[in-house]
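Computed from heavy atoms alone, side chains included, the values below leave out hydrogens, waters and symmetry copies. Reminder, nothing fancy here: chain letters follow the sequence lines and each chain counts from 1.
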Amino acid sequence: MKPLIDCIDLKQHYPIRHGLLGRQSLAVKAVDGVNLQIQRGEVVGLVGESGSGKSTLGRTLMMMEKPTSGSVIYDGKDIAGLTHAGLHPYRRRMQMVFQDPFSSLNPRMTVEDSLTMPLRFHAPELSAAQRRDEAAETLERVGLSRSAFERFPHEFSGGQRQRIGIARALMVKPEFIVADEPVSALDVSVQAQVLNLFSSIRQTLGLTLLFVTHDLAVVGHIADRVAVMYLGQIMEIAPTRALFTAPAHPYTETLLSAAPQPKAGPRRARIAMRGEPPSPLNPPSGCVFRTRCAHALPECAQERPALRPAPAGRGASHFTACLRDDLSLTPAVTETPSPRIRTPV
Amino acid sequence: MSDPILSVRNLTIRFKGDGRETQVVHGVDFDIHPGETLALVGESGSGKSVTSFALMRLLPEAPRCRIDGQIRMGGTDLLALTEPQMAAYRGPRIAMIFQEPLTSLNPVHRVGDQIAEAIRFHRKMDRTAIRARVLELLRMVGIPDPERRMMAYPHEMSGGMRQRVVIAMALALEPELLIADEPTTALDVTVQAQILDLLRDLQKRTGMAMLFITHDFGVVAEIAERVMVMYSGRIVEEGSLGAVLERPRMPYTSGLLASVPRFEDAGQSKGPLGTIEGFVPSPDKLPAGCSFHPRCPQFRPGLCDQRMPELLPHGRPAHPVRCLRAPDLSLVPEVPA
Amino acid sequence: MSNPQTAPLSSPATTSVPTRTSALRRFARNPRLRKFMRHRLAMAGLVTIIVLTLACFIGPYLLPYDELYIDLRARFSPPLTGAHIFGTDPLGRDIAARLFSAGQISLTVGFLAMVLSTLIGTAIGLVAGYFGGWSRVGLMRVTDAFLSFPSIFLMLTLAAFLRPSPTMITLIIAVTSWMEVARIVEAEVRGQAGRDFTIAARMIGAPHWWIMFREILPNIMGPIIVAATLTVARAILLEAYISFLGYGIQPPLPSWGNMLNNAQQYLDSAPWLAIVPGVAITLAVTSFNFIGDGLRDALDARSVN
């Protein structure tokens, strides 16, 4: 099947000016040669730690910034080279949900203005009343009532604001949404409400979703497929269940073992990471993770490993950027399901 | 059981402002024993951080804030101390670390000097002895190459390294109690794991007690032996890690736990996450009766909206729960077939 | 920490939102307004300005003399002589009448100069801050150049070559005092341009003018208003200055500055000639400065919630 989004060797480098004459000598390679396909209707989780480039990748896919090189094929057409005007029709098809519900809404605009604004530019044929009706419908879809219309963002809680942010993204009826850490600023119980909202709109609207987050458990809940990023590159990409039950890259294993789980009883063994994080200005040669990897070999420094099918019968859609296929890595979960807490009715 | 290192009795905190008085902590009682880690869990607005600030006497002074009750440490009520007397407790007896390590470090001083300063303030030691102690502390918190790192400025370090420096500073005077207020929330998971390991290890070596404030049940499971859950300024459930995480009796606790996505279910559609509808009420508009009743799935009209439940033992193992319906509810874990 | 949630409980289907209040009541309860009203000096300044403005624009109709009526028998009358509450000048003209009609000109020049310079400064700051890059470098260097040139010389030079009518004086003051506003606006815009809501508007495909005027400008009105208030004070002072030096408003049109100019040779014999317009200038300038301080405190985003 033809993917909705296909990014090919995508790079986003930020030059750092150095010296008196401001000659470029170094660059932060925030995204460095990413290949990623997203199918229509799929939810892809993009996980990584700070500095991994996950947010930059999301923003570059949205063409918020022009990539340094590489292409983003959106529904068969490369949009990486398009101008502001050329991108306009695509703006209607892809939208973004932001992390901070306090900064993503204009504090001086009412909810109604924030919501109807996108339609001014994408559906100018609609009358003001029609725009308002659309906004009311969308507001209801995210669990708010029309009475929110005349209010300003500061009158709402964080969770409600995030719902408004989602509603604004939905106003132009996009097919693709990039959600950049949309629940990490929220309280635990509110986080669950917003995650459920994402699941439900994804289902009812058939959205394609790139869910950028640092939280593996959140990704495990919402994503069909997970891509793990480290220092601007994708280390592993796999169907969600496979990533948790049979990780193929040592970095994934480390991440999974580090994430604390709300379970009493014996603690899981932790896979320690060696040394200190490398400077993004001067990443290691070869595999960027090798300086922290417990399984690194001399040949890991030679050449940057490309994503390749994961070894040992892990399935056709499981890819890893690790040279070694002789590793037996610790999974985060084994296949036996565990008890859940039930709230009796 | 040994005598508690710190006993809090009927701690009540009110803030005054704009001619209004708002009570944010309502009669909190707890003990911390030597060598144990007690986790204080709650969402924003639960009063957990205010409680920890009160223990350190870091809240604003009298007219703006009123603290009642007792905070006893070794026979002394910390609330009765004068500010200079209290200053002698901060550091050698109780120390605190915060969420954002950058705010607790002065950006214009070398980290080694800042740790030395913390020691010099309380102990009479000569330069070489202090330097040796600083190096020892940096080594203890796992900072590689401490001779070089002690000369660094905070901005030259990563977040994890900074938090290690802050921990070294807090431990410089070997406090009996360390209060950690969301110390890993701003850190990456792998760094968080290292810091949690470090704190556990340091505790084993020094025998200090720890009050660990967090919103994350995952972190609680990693570090604590005992858990208190706080809601709207009151403790609503308290017990061992196993009791609270596996057999919660308060609907708020079980609701919070149900709303956390689990690794076990990763990639398997288990339907929507459990949620607690609504959000934490504003402290000046607490509902009548149990503060949680408007959000509670077990709410029974005529009961829960009438009176505030006491913190009474329920469940197996029996542990204090603040719920009027605890006797007739069974929030047992469900084992799927 | 206790971060009181202001909004009420929500339910999954429809979330209830705060109850509605009328716009007027909301305005009256606006914490910023209340904060401003609690600022004593600012309120005193506001009252002074209102009184001064009313006196200048209504006062002349209530006085028995107009500002051009010459009564040579009553020359140099000290204040409170008969109906001359502030006394008379060397030609026997009523100082109160002259002060008020001078105030009409001085306050109007000050106010209009503020409006113009704020418009210029905001426009330059918006474009420089929003587009960045070369437009920022270019515009801000021009701003710096204007700032580094002693504006009083620039003003005097301009005034010497151009016919100094009130309109011209207003223009000259505006052209030499927009830089402060431009710098403030540029810095604020740069801060706002990186915020998520601005990015969201760009992602939606909103045109630049929309983002500048509808998204960003309303969020930086606070600092602009504060700067504008202080600019009024400065403009009044500048007008007094050049008129005092004789390059400003020309007699017989009175202005506070040229009243001072006329008074200087009689400082010994008739000090009230200088004191009365001097006090008016001081009152107006300090009042606007106090209002500016009050607004700064009240509009400071960090101080409210």
Quiz item: What pair of heavy atoms forms the shortest contact from A:Phe121 to C:Pro207, and how long is it?
Solution: CE2-CD, 3.2 Å
Do [X] and [Y] come close enough that some side-chain heavy atom pair is under 4.5 Å?
X: A:Phe102; Y: C:Asp196; result: no
X: C:Phe197; Y: A:Pro153; result: no
X: C:Trp210; Y: A:Arg120; result: yes
X: A:Arg91; Y: C:Ile204; result: no

Hey, what do you get for [atom1] ([X]) to [atom2] ([Y]), rounding to the nearest 0.5 Å?
X: A:Phe98; Y: C:Met203; atom1: CZ; atom2: CE; answer: 7.0 Å
X: C:Ile211; Y: A:Met117; atom1: CD1; atom2: CE; answer: 7.5 Å
X: A:Arg108; Y: C:Gln192; atom1: CZ; atom2: CD; answer: 9.0 Å
X: A:Asn106; Y: C:Thr198; atom1: CG; atom2: OG1; answer: 7.0 Å

Got a sec: does the [atom1] of [X] have more than 12 other heavy atoms crowding it under 6.0 Å?
X: A:Glu137; atom1: CD; value: no
X: C:Arg183; atom1: CZ; value: no
X: C:Phe111; atom1: CZ; value: no

Do you know which of [options] has the most heavy-atom pairs under 4.5 Å to chain C?
options: A:Pro174, A:Ser103, A:Ser104; value: A:Ser103
options: A:Arg92, A:Arg168, A:Met171; value: A:Arg168
options: A:Arg146, A:His88, A:Met64; value: A:Met64

Self-check item: Verdict with reasoning, C:Arg195 to A:Asp100, per side-chain contact (heavy atoms from CB on, under 4.5 Å)
Solution: CA-CA 10 Å; C:Arg195 293 183 66 185; A:Asp100 181 1; over 6 Å; no
Quiz item: Under 30°, 30 to 60°, or over 60°: which ring-plane class applies to C:His208 and A:His84, parallel, tilted or perpendicular?
Solution: parallel
